[in-house]
Amino acid sequence: MTGELLHELRAVVGAEHLLTDRAVLASYETDWTRRWKGRATAVVRPGSTDEVARVLAACNRAAIGVVPQGGNTGMVGGGVPRAGEVVISTTRLRDLEPVDDAGEVTVGAGVTLASVQAHVRAAGWDIGIDFGSRDSATIGGMVATNAGGIRVLRYGPMRGQLRGLEAILADGRIVRRLPGLVKDNTGLHLPSLLAGSEGTLAVVTRVRLALVPQIQRSAVALIGLPSLREAAALGNRLRRRLATLMAAEAFTTDGLKLVIEHLHAQAPFTTFHGAYLLVECAAARDPLDDLEQSLAEEGPTDVVAGEDEGTRRRLWRLREGLTEAIAFAGIPHKLDVAVPIGRIGDLAEQVPELVTSLSPAARCVIYGHVGDGNLHINVLGLPPDDEAVDDAILRLTIALGGSISAEHGVGVAKARWLEADRGPVAVAMTRAIKAALDPKGILNPGVILPLRPGAPGRR
């Protein structure tokens, strides 16, 4: 059956876009963290919506599992094969349609965030989402995980940017609604259903994005504070004071030292602090005065602020360099969680103690988006398959009223925690939706919902 399927897929996409060489497949079989690995039967790279539909129809007939993959920047194992599935790479779906007068644009699922940003900025607009992996993360993957990033407190996550989409169901049927309507209350909102479904319900091929006004002026400040609790509290107060606030990012000295060492960067202050809050304000007019006045009234003494491009880039590099620096230090266990904003301090204080109690040699680096309650907890020095620390952190997150996944997705890493987070009724609903749209269970088997015996991904 596999030989017949490969022959059929080759006929759809052409020999050069059906990859079976083990050496070539290797980069598609390991995720960004290097913690999650698997084995693919093949990688297929369709170049159009029709080709995606034909590929899915063929795999559905053969009952072979399919793993959609964009830029492969995932961190929870949701975008790599696990047991001989076919990987559908969307990187050839790179259409960029003109920006219309309403400030909307339709793009292919394989277009990177950086490419969309450049495209819409040339037309005087911007996209209301941004994060450090912008050069490799694709729009389809961002929809699949309902990606967040550094601008969520102003514009919301990826779901909030969607005006419509085109997607292919497991059997090859095409679902297309790209009207660009601000108000569209006709039945279920399918973009909202598919955003965050991690390729388990359909494969997204095109996306209609609502754009935001391009930022004219911005100002950035880095504030040294005693702890993440105080950084989160200051960020929350600034949310009330500053209508221009775009981002509020916090990190610790452990993370800062990793970045300084890895990037050979200059320390921002003469002494190190327990934590740091990086804030950016953006508006049509210069927001620096308002930012500096608010900080002066709040009273922190160690502040670096500026509106020039050099200062902004230097300060943001200290924050955005964290992911790269942590990965350079080892294979991290990455826990992307969210708690109510008022509980960020509790989580930030209890996690290091929890990690030390379970694994004294482990190293914990925490940073995140304190404006929306999302912390990224990175634990270095653990074996890749040691789940004890992960489980303890997720259990604590749930106890604090939080979510086990804020923006990276559930993937395979947290699938067994779905019921503890959402409850049995919500999981039953999720299974029912999955069964209705993908009755053979070929789409990303084992992601979000744990595999059951006999599923396509179970070998």
*What's the spacing between Leu113 CG and Asp135 CG if we round to 0.5 Å?*
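Here the rounded value is 8.5 Å.
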Does the pair [X]/[Y] count as a salt bridge with the N-to-O cut at 4.0 Å?
X: Glu104; Y: Arg208; value: yes
X: Asp391; Y: Arg395; value: no
X: Arg313; Y: Glu309; value: yes
X: Arg163; Y: Asp184; value: no
X: Arg134; Y: Glu320; value: yes
X: Lys414; Y: Glu387; value: no
X: Glu249; Y: Arg319; value: yes
X: Arg317; Y: Glu324; value: yes

Do [X] and [Y] meet the criterion of a side-chain donor-acceptor pair at a distance under 3.5 Å?
X: Thr205; Y: Glu166; value: yes
X: Asp31; Y: Asn72; value: no
X: Ser136; Y: Ser133; value: no
X: Arg206; Y: Thr49; value: no
X: Asp126; Y: Gln117; value: no
X: Thr252; Y: Tyr276; value: no

_With ring-ring contact (aromatic ring centres under 6.0 Å, His included) as the rule and sequence neighbours excluded, what pairs involving residues 383-434 come up?_
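Applying ring-ring contact (aromatic ring centres under 6.0 Å, His included) to every pair that reaches into residues 383-434, excluding sequence neighbours, yields His376-His408.
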*More than 12 heavy atoms of other residues, nucleotides or ligands under 6.0 Å from CZ of Arg416: is that the case?*
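Yes - once you tally the heavy atoms of other residues, nucleotides and ligands closer than 6.0 Å, there are more than 12.
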*Is Asp386 reaching over with its side chain to a backbone N or O of Ala388, donor-acceptor style, under 3.5 angstrom?*
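Judged by distance alone, yes, a pair lies under 3.5 Å.
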*Please confirm whether the backbone N or O of Ala282 pairs with a side-chain atom of Arg154, one donor and one acceptor, at under 3.5 Å?*
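Here the side-chain-to-backbone pair exists.
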*Exercise: identify the closest heavy-atom pair between Val52 and Pro46*: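 Closest approach of Val52 to Pro46, heavy atoms only: CG2-CG, 3.5 Å.
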*asked:* I need the full list of side chain to side chain donor-acceptor pair (under 3.5 Å) pairs touching residues 7-16, with sequence neighbours left out, sorted by first then second residue.
replied: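 As it turns out, the side chain to side chain donor-acceptor pair (under 3.5 Å) pairs with a partner in residues 7-16, which skip direct neighbours, are Glu8-Arg61.
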_Partner of Asn444 by side chain to side chain donor-acceptor pair (under 3.5 Å), out of Arg82, Gln69, Lys434, Glu85_ =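 Result: among Arg82, Gln69, Lys434, Glu85, Arg82 is the only option passing the side chain to side chain donor-acceptor pair (under 3.5 Å) with Asn444.
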